[in-house]
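One structure is given here, and the rest of the page talks about it.
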Amino acid sequence: MHGKIFSLSLICSLFFNLKPAKADEGMWRPADLKKQEAAMQKAGLKIPITDLYHDGKAALNDAVVIFGGGCTGEVVSSQGLIFTNHHCGYGSVQSVSTNKNNYLIDGFWAKNNAEEIPVPGLTVTFIRKIENVTGTILKYVDTTMSEEDRNKSINEQIQFTEKALKNVYGYEAKVKPFYNGNEYWVTLTQVFEDVRLVGFPPNGIGKFGGDTDNWMWPRQTGDFGIFRVYAGANNKPAKYNINNKPYKAEKFFAINTSGVKEGDYSMVYGFPYVTREYLSASQLSQTIDISNPIRIEARRLKLGVWDEAMRKDADIFLKYASKQSSVSNGYKKWQGELRGLAINEVPDKKRAYEQRLIAKTSQDTSANSPRMILSQINAAVENNNKYLRALESTGETVLGIEIVRQAESLQKVLDVHRKGIKGQALTDTLAQLKKGLAGFYKNYEPEVDKALFETMMPFYYMQPGLAVPDRIKVLYAENGNDFGKWANNVFGQSALVFSQLAAPYYDEPKAQDTIAIKNDPAFKIYDAVVSWQRTAVSPSMQAFNKRMDMLSRIYMKQQLDYMSAERNFYPDANQTLRLTFGPVKGIKPQGHSYYSYISTLEDVVAKHNPDVEEFYVPARLRDLHARKDYGRWAVNGTVPVAFIAANHTSGGNSGSPVLNAKGELIGINFDRIWDGTMSDLYYDPNLCRNIAVDIRYVMFIIEKYGNASWLLKEMKLVK
Ligand code: ASP
């Protein structure tokens, strides 16, 4: 008896020791936290898991929201006050800014509820319930089914489940696959549409360091923004109405003002968007050799043109600020990703992992053995590479020219005519399309786009392989094989250049419009590229994706079945709620000295450069610094600004609450460090760090810079 117990525990310890020390990796679903409880407590967690997530009653999970379409936010008062990132609110704040009231440049601080600014189109989404529905979704699936029948059955079950749950609970229900379709979970949500801007630091604080410092550490960005959710009758979602009331939140985060130190336990709670940790080596090579290099080069060209134009003209700056941020964000991230993957030799590690899986299952001689599945994946990828290259080199280049992309709207006008839509339906459809165009023209400058055309088209034209269709070659020849001439033609003749030129297609439709549209030089490019994509690329891409759906599902299952002794599985991110934990910790990136975990206001002021917009520190902040007017936020004669920790985060975790061991707010997550951005594909505890703005800096800026201490009164500050 005794011997048995001994050998069992020996096996257990062997089992755990086998797992390589990939500490801190993992984005856990709330329902999986129970299984992590021991590890979390060992790492320092001081509250029960049920405080973090409870299925039946209010818990901190209720205070984590989806901000807008892709970020995270957290509730910080009982009156619906929300913190998120400056970069998450950037587009919204741009949309309510004008040249006179430019909140990006000057910041904004409401002095009371009445001054809060409604942001049309901005939403905040609360999660009301999360449930495992795998059994229901896969109920009618069996192993003899074709993939088509399988998908059909699953889709029917998804629709049925979403509808049924909506009926029962009265909330929107969305079923998503996990582990590449081996599990299905549903999330019930409540979306609030009356969201108002409360406080926003100027770019000189909220975007300090700009693109130069993006994805970098050390960092001094006060990347936060403050909004408020408003509700209608009974605290329910309602369209904007002046009489709506601040949303009454049962759960919100207390703000811990004691600060962080190296080694402290921390957690990030939020909605990471997409990760792909379980890809095969050959799939990873598509990112390394095809997608990232093409995107990086195309964006380098685009940013070269946009940045120059934005520097020269304040009006263009405002128009392009938000677009530029998102283009440059990816541009820099993908470079960091490639760097991290190379430093870590991830392709080799993936191949070795595959070999271990194959060795473990060598007795399996079936057609679906890991060896066979992996070789099918490799063959499919090999076959797909040229199509992927074509797709990437078109999407980021020629279709990245705004006027060409915008020709999609003319295609829709053509469709309307082709379908013979008449009368009121015609007027309504065209009016809807025109509305979309209005948003485009608000932030469009033809001169900038023309310069982009002249830069981008030669690069696009040079793409090897499939990428350039014959019709494009004909158009090029028709324009004298001269990109400058071609640009003159497009920007001199296209109706898309100014909204007034395109307006008649939408306001006074005529049969002849179809001829004029087909002759529009921007439309001609769009049509040549898109029709070619439709026939020469998309069918192969779709077939590939379908095949990979199946192969990835099987490969994932095999990893779960056979590799769990060497890794701790968690499902890839898919914009569902996740919690990750790790210590506050400095970093020693390759080729650099060790960097401390924290930055301070001294670092901000040291970087101040009146000639470089990205590093311009607002005078008022310099003044507070000069007078050391830090109030209660002084720490060792300065103010802490940002810190890093080893939490496994991703895009979508922007704006997420960073919590201490008691579940109190210590920071707002906003970024990762450059070499660690590969954590979407491979997590390395030595290289990966998330970056957070220190909550004490947030409080200092609100109180001392924004003079908005009325906001602090509704928060719960704890030590
Ligand atoms: N800054 C990032 C983003 O733009 C957050 C991250 O990926 O860590 O989404």
Side-chain angles (χ1 to χ4, degrees), residues 24-27 64-74 83-92 203 206-225 266-277 287 292 295 299 303 321-341 572-576 578-582 587 589 614 642-658 667-685 687-693:
D24 313 323
E25 177 176 1
M27 304 174 162
V64 190
V65 298
I66 299 178
F67 182 83
C71 279
T72 302
E74 53 274 12
F83 282 171
T84 186
N85 287 149
H86 192 267
H87 79 264
C88 295
Y90 205 62
S92 299
N203 277 354
K207 203 178 182 333
F208 183 70
D211 295 336
T212 307
D213 277 3
N214 194 14
W215 303 110
M216 292 291 176
W217 183 256
R219 184 76 159 277
Q220 301 81 20
T221 317
D223 195 344
F224 76 95
S266 73
M267 312 180 265
V268 177
Y269 215 167
F271 297 88
Y273 216 73
V274 183
T275 58
R276 296 177 300 153
E277 310 285 349
T287 300
N292 281 18
R295 293 180 191 184
R299 290 189 178 206
L303 290 167
S322 186
K323 299 191 261 199
Q324 191 275 356
S325 288
S326 83
V327 169
S328 72
N329 196 44
Y331 166 68
K332 198 156 174 195
K333 183 199 158 174
W334 295 319
Q335 294 175 64
E337 198 168 80
L338 291 183
R339 234 177 95 88
L341 292 169
D572 268 325
N574 56 357
Q575 214 197 9
T576 54
R578 304 296 176 95
L579 184 133
T580 157
F581 61 98
I587 184 88
E614 288 183 333
F643 65 87
I644 51 174
N647 287 294
H648 187 183
T649 55
S650 182
N653 271 125
S654 286
S656 296
V658 184
I668 306 170
N669 185 69
F670 70 93
D671 212 1
R672 281 170 287 166
I673 67 168
W674 210 36
D675 296 348
T677 53
M678 57 153 183
S679 64
D680 291 350
L681 300 159
Y682 181 88
Y683 185 88
D684 173 3
L687 281 184
C688 295
R689 293 288 182 280
N690 67 305
I691 310 179
V693 50

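Numbering of ligands and ligand atoms starts at 1, following listing order.
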- Is the shortest heavy-atom distance from the side chain of D24 to the side chain of Y683 under 4.5 Å? yes

- Message: Looking at ligand 1, is there an atom of it that comes within less than 4.0 Å of some heavy atom belonging to H87?
- Response: yes

- Item | P589: partners by side chain to side chain contact (heavy atoms under 4.5 Å, CB included), with sequence neighbours left out | I587, H592, Y595, D675

- Query: Short list, please: which atoms of ligand 1 are under 4.0 Å from a heavy atom of F670?
  - Reply: 1 (N), 2 (C), 5 (C)

- Task: Please state whether Y273 comes within less than 4.0 angstrom of ligand 1, counting heavy atoms only.
- Result: no

- Taking the side chain as every heavy atom from C-beta outward, state whether R578 and F271 have any atom pair closer than 4.5 Å. no

- Query: Counting both backbone and side chain atoms, is some N or O of W215 under 3.5 Å from an N or O of ligand 1?
  - Reply: no

- With atom 8 (O) of ligand 1 as the reference point, say which of K332, K333, R672 has the nearest heavy atom. R672

- Record the part of C71 in heavy-atom contact with ligand 1 below 4.0 Å; permitted values are side chain, backbone, both and neither. neither

- Task: Give a yes/no verdict on whether any heavy atom in N653 is under 4.0 Å from an atom of ligand 1.
- Result: no

- So which bit of N329 gets within less than 4.0 Å of ligand 1, heavy atoms only: side chain, backbone, both or neither? side chain

- Run the numbers on N653 and N690 for side chain to side chain contact (heavy atoms under 4.5 Å, CB included), then give the verdict. CA-CA 9 Å; N653 271 125; N690 67 305; over 6 Å; no

- Query: Do the side chains of P657 and M267 get nearer than 4.5 Å, heavy atoms only?
  - Reply: no

- re atom 9 (O) of ligand 1, the protein heavy-atom contact at minimum distance is S654 OG, 3.1 Å

- Item | Ion pair R672/D680, N-O distance below 4.0 Å | yes

- Just do the side chain to side chain contact (heavy atoms under 4.5 Å, CB included) check on T287 and E337 with the steps written out, would you? CA-CA 10 Å; T287 300; E337 198 168 80; 3.9 Å; yes

- G651 heavy atoms within 4.0 Å reach ligand 1 at atoms 6 (C), 7 (O), 9 (O)

- Task: May I ask you to test the D213-Q220 pair for a side-chain heavy-atom distance under 4.5 Å?
- Result: yes

- Query: Can an N or O of D671 be found at a distance shorter than 3.5 Å from an N or O of ligand 1?
  - Reply: yes

- Item | Contact check: T649 vs ligand 1, nitrogen or oxygen atoms, below 3.5 angstrom | no

